[in-house]
Number of protein chains: 2
Amino acid sequence: MAKRSDALELAILGVLSKTPQHGYELRKRLISVLGLFSTISYGALYPTLKSLVERGLLVEQDEVGTGKYPKRARITYALTESGLAHFNALVADSGPGAWDDDTFAVRMSLFGQTEVSTRIHILLGRRSRVEERLANLQTNLAKGRERLDSYTLELQQHGLDALEREVRWLNELISREQSQSAADGGNSAISQVNNK
Amino acid sequence: MAKRSDALELAILGVLSKTPQHGYELRKRLISVLGLFSTISYGALYPTLKSLVERGLLVEQDEVGTGKYPKRARITYALTESGLAHFNALVADSGPGAWDDDTFAVRMSLFGQTEVSTRIHILLGRRSRVEERLANLQTNLAKGRERLDSYTLELQQHGLDALEREVRWLNELISREQSQSAADGGNSAISQVNNK
DNA sequence: GTTAGCATGTAAGGAGTTACATGATTTT
DNA sequence: AAAATCATGTAACTCCTTACATGCTAAC
């Protein structure tokens with residue numbers, strides 16, 4: 001479902017679930033947290049916020065005279081209960097495109113607000129996505145090995161190396177999470193451990 | 001200039017400059033050459049081809065009874081002279097977005113059809129783009145080191161490593177090209193050494 | 001004869017960018 | 001008082017994806 005690209009919505013909900021904020025600030029936070037989303041234009045941000053408000057996931061709080069700056073026209077956005085519920089659902093659930101680069105990055109950057117099992121689920125999902133691409137690349141590299149010129153080969157080899165590194169990285173993260181989950185005794189309802 | 005995302009047009013012109021082909025085949029070739037462009041839908045491909053024909057860069061040749069399959073409805077596309085000129089201009093010239101991941105990959109995969117000086121130019125341009133992103137990431141990692149949770153940190157560190165590897169890779173490619181260009185006798189008008 | 005793959009296209013609609021429009025506040 | 005930056009928004013336009021529509025050919 002979710003119309004507006006998912007990754008952006010998710011990131012917004014994630015950031016706001018920690019600290020309510022207004023659009024301008026929010027954008028900066030998003031950019032600094034995700035060096036990936038290099039740009040998030042206001043033309044994308046404000047309409048998305050609006051849509052989230054319309055769907056009852058956020059509330060606007062017109063900020064009047066907070067502290068030193070009276071009458072500022074800023075609007076602070078905060079999650080509603082259903083917004084929080086939606087956020088939890090989105091983080092855990094895997095719609096199509098949940099394992100894409102951007103979406104994965106957003107989800108991982110929100111790990112501090114999720115349970116161990118969710119984290120493992122996301123990491124495993126990402127790993128199989130990466131492995132899938134790896135397999136594709138290897139296949140068509142094997143098929144066309146002689147027909148591709150050296151530059152294309154070099155390029156594909158570099159891509160392949162990057163994917164292999166990512167798999168190794170994910171494996172490490174996964175086993176770290178798994179041992180944590182074991183140490184936990186498995187009774188974790190919401191064991192928000194270690195969010196620092 | 002150039003409307004349709006550049007990368008796609010460039011890739012099409014590049015493939016067709018080697019071998020005229022019809023759309024269906026072309027798409028497969030594009031996908032196999034670039035494991036990056038995971039998907040190229042017909043909804044993007046055919047309109048682009050049409051637009052290229054309208055601009056006089058390609059010609060359609062209705063293939064009638066070539067060989068064993070008579071009356072096939074396929075349309076072979078081939079570059080015109082101005083298409084070739086446009087291709088050469090596009091490969092060498094650097095519009096905005098010329099150093100993006102996709103566009104760079106396309107350009108590099110077409111290195112076999114370019115001169116040494118062009119190749120070096122492209123590699124240098126890409127390198128400075130990557131270095132720029134690296135600097136950004138490092139800056140805001142330094143700024144927020146304590147405020148980011150361990151997962152976000154891990155994620156950004158991984159991104160950073162990937163960028164560093166790419167720079168090293170590019171450096172190697174660059175020096176390879178440069179020594180080739182030197183062996184060339186240095187008579188190449190544009191010897192662009194070392195613009196860093 | 002029916003499934004699978006070849007082959008070309010179009011229409012609707014989504015997602016986001018760019019450029020514009022406006023005004024307050026802080027710094028120089 | 002000018003310039004920078006905070007702050008919010010909209011409208012037009014671009015590009016692409018999805019789903020549909022069509023028909024031929026090859027293989028089983």
Side-chain angles (χ1 to χ4, degrees), chain A residues 1-12 20-31 34 36-54 58 60-77 95-97 100 102-103 106, chain B residues 1-12 20-31 34 36-54 58 60-77 95-97 100 102-103 106:
Chain A
M1 294 295 111
K3 305 295 152 172
R4 299 183 173 282
S5 103
D6 253 18
L8 183 53
E9 276 195 10
L10 184 56
I12 289 174
Q21 253 160 130
H22 56 276
Y24 193 87
E25 192 68 26
L26 178 62
R27 175 170 170 268
K28 287 199 301 185
R29 187 64 57 98
L30 288 171
I31 289 171
L34 309 162
L36 318 144
F37 265 130
S38 37
T39 45
I40 297 169
S41 61
Y42 294 117
L45 179 61
Y46 285 112
T48 302
L49 285 170
K50 202 176 204 174
S51 145
L52 288 167
V53 170
E54 272 160 21
L58 295 184
E60 299 181 349
Q61 296 162 333
D62 283 37
E63 205 174 300
V64 194
T66 307
K68 15 179 55 170
Y69 313 110
K71 275 189 197 152
R72 276 255 202 125
R74 27 182 191 160
I75 300 167
T76 299
Y77 293 90
D100 293 351
D102 282 356
T103 307
V106 171
Chain B
M1 298 280 125
K3 305 295 152 174
R4 302 186 169 279
S5 100
D6 253 19
L8 183 53
E9 276 196 10
L10 184 57
I12 290 174
Q21 254 161 126
H22 55 276
Y24 191 88
E25 191 69 25
L26 177 61
R27 174 170 170 268
K28 286 199 302 186
R29 187 64 57 97
L30 288 171
I31 289 171
L34 311 161
L36 317 142
F37 265 129
S38 37
T39 44
I40 298 170
S41 62
Y42 294 118
L45 180 60
Y46 285 112
T48 303
L49 285 170
K50 203 175 202 174
S51 145
L52 288 166
V53 170
E54 271 160 21
L58 296 183
E60 298 181 350
Q61 296 162 333
D62 283 37
E63 207 174 299
V64 195
T66 306
K68 12 178 56 170
Y69 313 111
K71 275 187 196 155
R72 275 256 202 124
R74 28 181 191 161
I75 300 168
T76 299
Y77 293 90
D100 294 350
D102 282 356
T103 308
V106 171

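Note on naming: letters A, B, ... go to the chains in the order of the sequence lines (proteins, then strands), and numbering restarts at 1 for each one. The figures that follow rest on heavy atoms only: side chains count, while hydrogens, waters and symmetry mates do not. On a predicted model such as this, the values are computed, not experimentally measured, just so you know.
Of all non-hydrogen atoms in A7(A) and T103(A), the two that sit nearest each other are CB-OG1, 3.8 Å.
When each of T76(B), V53(B), L49(B) is paired with E60(B), the side chain to side chain contact (heavy atoms under 4.5 Å, CB included) condition holds for V53(B) and for no other. Just one residue in the list I12(B), L30(B), L26(B) forms a side chain to side chain contact (heavy atoms under 4.5 Å, CB included) with I40(B), and that residue is L30(B).
The A44(A) side chain lies nearest to dT17(C) when the options are dT17(C), dC6(C), dG9(C). Nearest nucleotide to the side chain of P47(A), out of dT10(D), dA7(C), dT18(C): dT10(D). If you check dT8(C), dA7(C), dA7(D) against the side chain of R74(A), the one that comes closest is dA7(D). Closest contact between the side chain of T39(B) and the listed nucleotides dG9(D), dT17(D), dT17(C) involves dT17(D). Closest to the side chain of I75(B), from the set dC6(D), dG9(C), dC6(C), is dG9(C).
Remark: Y42(B) is not in phosphate contact with dG9(C), judged by side-chain N or O atoms under 4.0 Å from OP1 or OP2. OP1 or OP2 of dT10(D) lies within a sub-4.0 Å distance of a side-chain N or O belonging to K50(A). For dT8(D), one of the phosphate oxygens OP1 or OP2 lies less than 4.0 angstrom from a side-chain nitrogen or oxygen of Y46(A). Phosphate contact (OP1/OP2 of dT17(C), side-chain N/O of S41(A), threshold under 4.0 Å): present.
Separating the CD1 atom of I31(A) from the P atom of dT17(C) is a distance of 10 Å, rounded to the nearest angstrom. In this structure, I40(B) places its CD1 atom 14 Å from C1' of dC15(D), rounding to the nearest Å. Remark: P of dA7(C) and CG of L49(B) are 14 Å apart, rounded to the nearest angstrom. dA7(D) atom C1' lies 11 Å from atom CZ of R27(A), rounded to whole Å. The OH atom of Y24(B) sits 14 Å away from the P atom of dG9(C) (whole-angstrom rounding). Note: CG (D100(B)) to C1' (dG16(C)) measures 15 Å, nearest angstrom. Summarising the geometry, the separation between CG on D6(B) and P on dC16(D) is reported as 10 Å, rounded to the nearest angstrom. Between L8(B) atom CG and dT17(D) atom C1' there is a gap of 13 Å when expressed in whole angstrom units.
G23(B) comes within 4.0 angstrom of sugar-phosphate atoms only, judged by non-hydrogen atoms across all strands, and of no base.
A cation-pi arrangement is found for R27(A) relative to Y42(A), the charged atom lying closer than 6.0 Å to the ring centre and inside a 45° cone about the ring normal.
Separating the CG atom in D102(A) from the CG atom in L10(A) is a distance of 11.5 Å, to the nearest 0.5 Å.
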